[in-house]
Amino acid sequence: MMVRRNLSPVTRMDLHNRAANRDMTARDPFTALQSEMMRFFDDLRRGAGDPSAEFGPRVMAPSVEVQEDDNNLYVVAELPGMTENDVELTFSDGILRIAGEKRAEHEDKDEGRQVHITERSYGRFERQIPLNRAIDEDNVNASFKDGVLTVTMPKAEEEQQARRIEVQRAA
């Protein structure tokens with residue numbers, strides 16, 4: 001008969017008992033690593049905040065949807081809290097670039113307040129969307145309504161199909 005041993009230096013009770021766990025981690029670096037990994041996964045399971053929040057304010061990146069019909073490509077981007085003056089659009093080399101800046105809103109009545117939690121995103125952003133279609137660049141237009149940017153891009157005549165080039169033997 002085979003004897004089974006628990007190879008883990010930490011019992012289940014130790015993992016849940018913070019005081020005992022701290023004593024163990026002070027002595028054993030592997031136990032400290034195991035404890036940190038368990039805490040990390042527990043935090044993920046509980047949905048503990050945005051990990052990027054530890055490194056400063058979150059950067060806004062607009063959500064986009066790319067749609068197509070027979071004549072046009074459409075890019076729809078959600079930009080809540082922004083106006084058409086806050087957004088810059090460019091199209092070059094088949095890439096649509098949406099850039100802008102969402103500024104923090106401060107009112108005079110808020111001067112005495114301290115912010116404890118903020119989940120709103122502020123700052124500059126840029127989103128580049130590659131479009132693998134020939135676009136009639138002269139007729140691209142954009143509209144902005146209720147925080148939603150819609151870019152309409154008419155399709156251009158399809159570029160020439162690739163053709164086979166015969167390779168000749170060099171003389």
Visitor: May I ask you to test the M153-R133 pair for a side-chain heavy-atom distance under 4.5 Å?
Guide: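 Side-chain contact under 4.5 Å: no.
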Visitor: Do V75 and E65 have side chains that get closer than 4.5 Å, going by heavy atoms?
Guide: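 No, every pair of side-chain atoms sits at 4.5 Å or beyond.
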Visitor: Contact between S63 and E78 at the side-chain level, heavy atoms closer than 4.5 Å - yes or no?
Guide: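 Side chain of S63 against side chain of E78, heavy atoms only: contact under 4.5 Å found.
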Visitor: Can you name the nearest heavy-atom pair linking E101 to F125, along with the distance?
Guide: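 It is N-CE2, 3.8 Å.
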Visitor: R124 versus K102: any side-chain heavy-atom pair under 4.5 Å?
Guide: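 No, too far: nothing below the 4.5 Å cut-off.
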Visitor: Given side chain to side chain contact (heavy atoms under 4.5 Å, CB included), test F91 with L131 step by step and report yes or no.
Guide: CA-CA 10 Å; F91 184 78; L131 303 169; 3.8 Å; yes
Visitor: Are L149 and I98 side-chain neighbours, meaning at least one heavy-atom pair lies under 4.5 Å?
Guide: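 A side-chain contact exists here, since the closest heavy-atom pair is under 4.5 Å.
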Visitor: Taking the side chain as everything from C-beta on, heavy atoms only, tell me whether Q128 gets closer than 4.5 Å to L96.
Guide: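 Q128 does not reach L96 side chain to side chain.
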Visitor: Is it the case that the side chain of R97 and the backbone of L89 share a donor-acceptor pair, with hydrogens and angles ignored and the cut-off at 3.5 Å?
Guide: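 Absent.
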Visitor: Run the side chain to side chain contact (heavy atoms under 4.5 Å, CB included) test against D69 and tell me which residues pass, sequence neighbours left out.
Guide: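 By the side chain to side chain contact (heavy atoms under 4.5 Å, CB included) rule, D69 matches N71, N72, Y74.
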Visitor: Does N139 use its side chain to pair, donor to acceptor, with the backbone of D136 at less than 3.5 Å?
Guide: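 No; judged by distance alone, with no hydrogens or angles, the pair does not exist.
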Visitor: Step by step, would you call T152 with V140 a side chain to side chain contact (heavy atoms under 4.5 Å, CB included)?
Guide: CA-CA 6 Å; T152 304; V140 172; over 6 Å; no
Visitor: Counting C-beta onward and ignoring hydrogens, is there a side-chain heavy-atom pair between I129 and I95 closer than 4.5 Å?
Guide: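 Result no, sub-4.5 Å side-chain heavy-atom pair not found.
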Visitor: Taking C-beta and beyond as the side chain, do F144 and L79 meet within less than 4.5 Å on heavy atoms?
Guide: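 Yes, close enough: below the 4.5 Å cut-off.
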Visitor: What's in the same ILVMFWY side-chain cluster as V76, cut-off under 4.5 Å, chained through other members?
Guide: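 The other cluster members (ILVMFWY side chains, heavy atoms under 4.5 Å, direct or chained) are V148.
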